[in-house]
K.L.:
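There's a structure below that I have some questions on.
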Amino acid sequence: MMRTVATTPFQDQKPGTSGLRKKVPVFQQKNYVENFVQSIFDSLEGFQGKTLVLGGDGRFYNRDVVQIVIRMAAANGFGKVMVGQGGILSTPAASNVIRKYQAFGGIILSASHNPGGPHEDFGIKYNAENGGPAPEKITDRIFELTKKIAQYRIADLDPVDIDKVGAVKAGDMTVEVIDPVSDYAVLMESLFDFDAIRAMFKGGFRMRFDAMHAVTGPYAKEIFEHRLGAPKGTARNFVPLPDFGGHHPDPNLVHAKHLYDEMMGPDAPDFGAASDGDGDRNLIIGRGIFITPSDSVAMLAANARLAPGYRKGLKGIARSMPTSGAADRVAEKLGIGIYETPTGWKFFGNLLDAGMATICGEESAGTGSDHVREKDGLWAVLLWLNILAVRGESVMDIAHKHWATYGRNYYSRHDYEEVETDRANALVADLRGKLAALPGTSVRGMKVAAADDFAYHDPVDGSVSRNQGIRVLFEGGSRVVFRLSGTGTSGATLRVYIERYEPDKTRHGVDTQVALADLIEAADEIAGIRSHTGRNTPSVIT
Ligand code: G1P
Ligand code: ZN
């Protein structure tokens with residue numbers, strides 16, 4: 001019943017910022033999934049008889065891969081697979097299940113905010129026993145194994161019925177199909193003041209939550225409408241679809257423009273939010289005001305004590321390097337640690353495990369805390385709701401008061417998508433060559449104070465991660481950062497992050513792109529973006 005199958009390696013199975021991401025037809029090649037999953041298992045030790053958590057965002061190919069992983073887990077000696085009903089588990093919910101049931105680890109099937117469908121993206125990611133994405137030393141090991149794999153183990157089993165909650169046998173292994181929502185909802189109830197939020201809804205507070213036909217739909221229905229009493233219809237597009245209804249399940253101002261427009265319109269509700277394909281990202285919009293993710297993490301941290309789960313205060317805040325420095329000012333005022341890590345949630349894991357940071361955030365709409373080891377879209381929405389319920393003020397008022405206290409970090413990210421890989425690499429190589437000569441020079445009247453290629457020294461395990469983004473710092477605290485995306489599936493994506501600090505309260509009402517105009521030009525002057533990429537404008541501005 002257990003078979004060992006001979007196979008040959010693929011050379012393109014290098015996990016990126018968050019797991020292996022490729023187009024569905026790539027994953028559909030014979031042995032492609034099997035090779036990668038076997039390489040994950042081969043990179044691990046000591047899982048015999050232990051539990052593996054399994055689930056995904058429901059995108060096309062999710063169900064097929066769930067069955068493959070179950071058969072391979074059985075053949076490799078796992079004792080149990082806990083799988084979300086229908087193969088569904090949001091990324092933060094999977095992280096919670098791993099932690100709560102002390103599983104050995106988990107496999108999450110998702111390509112996050114990338115589109116889904118037969119010709120779109122799919123992804124496989126391994127999370128370790130702390131519930132977080134495997135650290136680089138494991139993903140590197142997995143990649144090495146994929147390059148020389150010669151065989152994999154699989155059990156000949158009928159497909160397991162993953163639509164019925166309960167335990168069944170798959171060979172010697174148990175498959176327990178679990179409700180994907182309930183453990184997560186219980187966790188949220190333990191962190192937030194559900195009574196206060198319920199009372200706010202009862203008082204007429206209006207909210208829109210757009211699940212973008214992705215994984216958070218069932219979670220949002222249950223938590224907002226059933227447990228918190230929000231009116232029916234608060235959760236929109238709440239049925240997860242394998243192709244996300246043909247849209248990008250990416251909660252940004254481009255792909256959730258309808259929500260933005262509604263929130264800026266005459267009959268805007270009090271609060272608008274959205275989450276991405278696998279439920280780890282968030283979009284927060286108040287009536288008449290978009291909150292940038294960088295600001296959101298700062299504002300959440302500043303107000304976290306209003307939520308029961310954070311009443312004792314924060315141990316520290318961590319943010320990815322390209323994320324704005326708004327959170328740094330909050331940490332300074334609170335007298336707690338602030339940590340600057342490379343892009344990618346996996347870098348927060350050690351800080352969270354060591355109890356050095358409580359809240360973490362990335363400019364790319366990821367916010368979370370030590371309640372799990374992934375960023376968590378609904379968590380961010382609920383913390384905002386908790387804060388709004390306790391303060392009884394609008395999002396707009398809270399934001400303006402925050403800026404008045406801490407100053408405002410104007411911030412924007414410009415993405416150049418699907419640039420030819422060679423051209424993008426040439427831009428980066430050129431830029432690296434120029435770095436040493438930049439300090440002391442002036443660009444558009446702004447003096448460069450420092451320039452480097454960010455290297456992270458992990459304070460917990462001492463590991464060093466180099467080449468994590470090129471930073472050019474100007475006198476006065478403005479900066480531009482350049483890096484290539486590690487999650488794209490076609491060509492290269494150049495990300496340019498632009499930031500300017502404005503302490504003066506009378507100048508907090510300027511349009512962001514206007515406030516950053518000089519720096520945007522400076523970025524082009526420094527890196528030759530237009531000439532290298534052949535593009536005049538970014539594909540996405542957030
Ligand atoms: C992007 C984001 C990064 C995030 C990752 C996974 O990675 O920039 O912050 O952690 O997606 O959601 P990138 O494509 O920039 O490598
Ligand atoms: Zn995601």
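Values below: all heavy atoms of this structure, side chains included; hydrogens, waters and symmetry mates excluded. Atoms within a ligand are numbered from 1 in the order they appear, just like the ligands themselves.
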K.L.:
When rounded to the nearest 0.5 angstrom, what is the spacing between CD1 in Ile285 and OG in Ser296?
P.N.:
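The OG atom of Ser296 is 11.5 Å from CD1 of Ile285, to the nearest 0.5 Å.
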K.L.:
Do Arg99 and His371 touch side chain to side chain, with heavy atoms closer than 4.5 Å?
P.N.:
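Counting from C-beta outward, Arg99 and His371 never come under 4.5 Å.
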K.L.:
So that I can tick it off, tell me whether Asp121 and Lys23 are bridged by a salt bridge, with the cut-off set at under 4.0 angstrom between side-chain N and carboxylate O.
P.N.:
yes
K.L.:
With the Zn ion (ligand 2) as the centre, enumerate protein N/O/S atoms below 2.8 Å in chain and residue order.
P.N.:
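Within the sphere that stays under 2.8 Å of the Zn ion (ligand 2), the protein atoms of type N, O or S are Ser112 OG, Asp276 OD2, Asp278 OD1, Asp280 OD1.
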K.L.:
Sort and list the pairs that fulfil salt bridge (charged side-chain N to carboxylate O under 4.0 Å, His left out) and have at least one residue in residues 106-118, not counting sequence neighbours.
P.N.:
none
K.L.:
When you measure from the centre of the six-membered ring of Phe454, is the NZ or CZ of Arg483 under 6.0 Å away and within 45° of the axis?
P.N.:
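No, Arg483 does not sit over the ring of Phe454.
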K.L.:
Dump the pairs for me: ligand 1 N or O, protein N or O, distance under 3.5 Å, to 0.1 Å.
P.N.:
unit_1, atom_1, unit_2, atom_2, d
ligand 1, 9 (O), Glu362, OE1, 3.3
ligand 1, 9 (O), Glu362, OE2, 2.8
ligand 1, 9 (O), Ser364, OG, 2.5
ligand 1, 10 (O), Glu362, OE1, 2.7
ligand 1, 10 (O), Glu362, OE2, 3.4
ligand 1, 10 (O), Lys375, NZ, 3.4
ligand 1, 11 (O), Arg281, NH2, 3.0
ligand 1, 12 (O), Arg281, NH2, 3.0
ligand 1, 12 (O), Lys375, NZ, 2.8
ligand 1, 14 (O), Ser485, OG, 2.6
ligand 1, 14 (O), Thr487, OG1, 2.4
ligand 1, 14 (O), Arg495, NH2, 2.6
ligand 1, 15 (O), Arg483, NH1, 2.6
ligand 1, 15 (O), Arg495, NE, 2.7
ligand 1, 15 (O), Arg495, NH2, 3.4
ligand 1, 16 (O), Thr17, OG1, 2.9
ligand 1, 16 (O), Arg483, NH2, 2.9
ligand 1, 16 (O), Gly486, N, 2.6

K.L.:
By side-chain hydrogen bond (donor to acceptor under 3.5 Å, both in side chains), which residues pair with Arg208, not counting sequence neighbours?
P.N.:
Glu262
K.L.:
Among side-chain atoms of His402 and Asp295, is any donor-acceptor pair under 3.5 angstrom?
P.N.:
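No.
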K.L.:
Compare all side-chain heavy atoms of Tyr310 with those of Thr358 and state whether any distance is below 4.5 angstrom.
P.N.:
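Yes. Closest side-chain heavy atoms under 4.5 Å.
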K.L.:
Under a 4.5 Å cut-off applied to non-hydrogen side-chain atoms, are Tyr497 and Thr323 in contact?
P.N.:
no
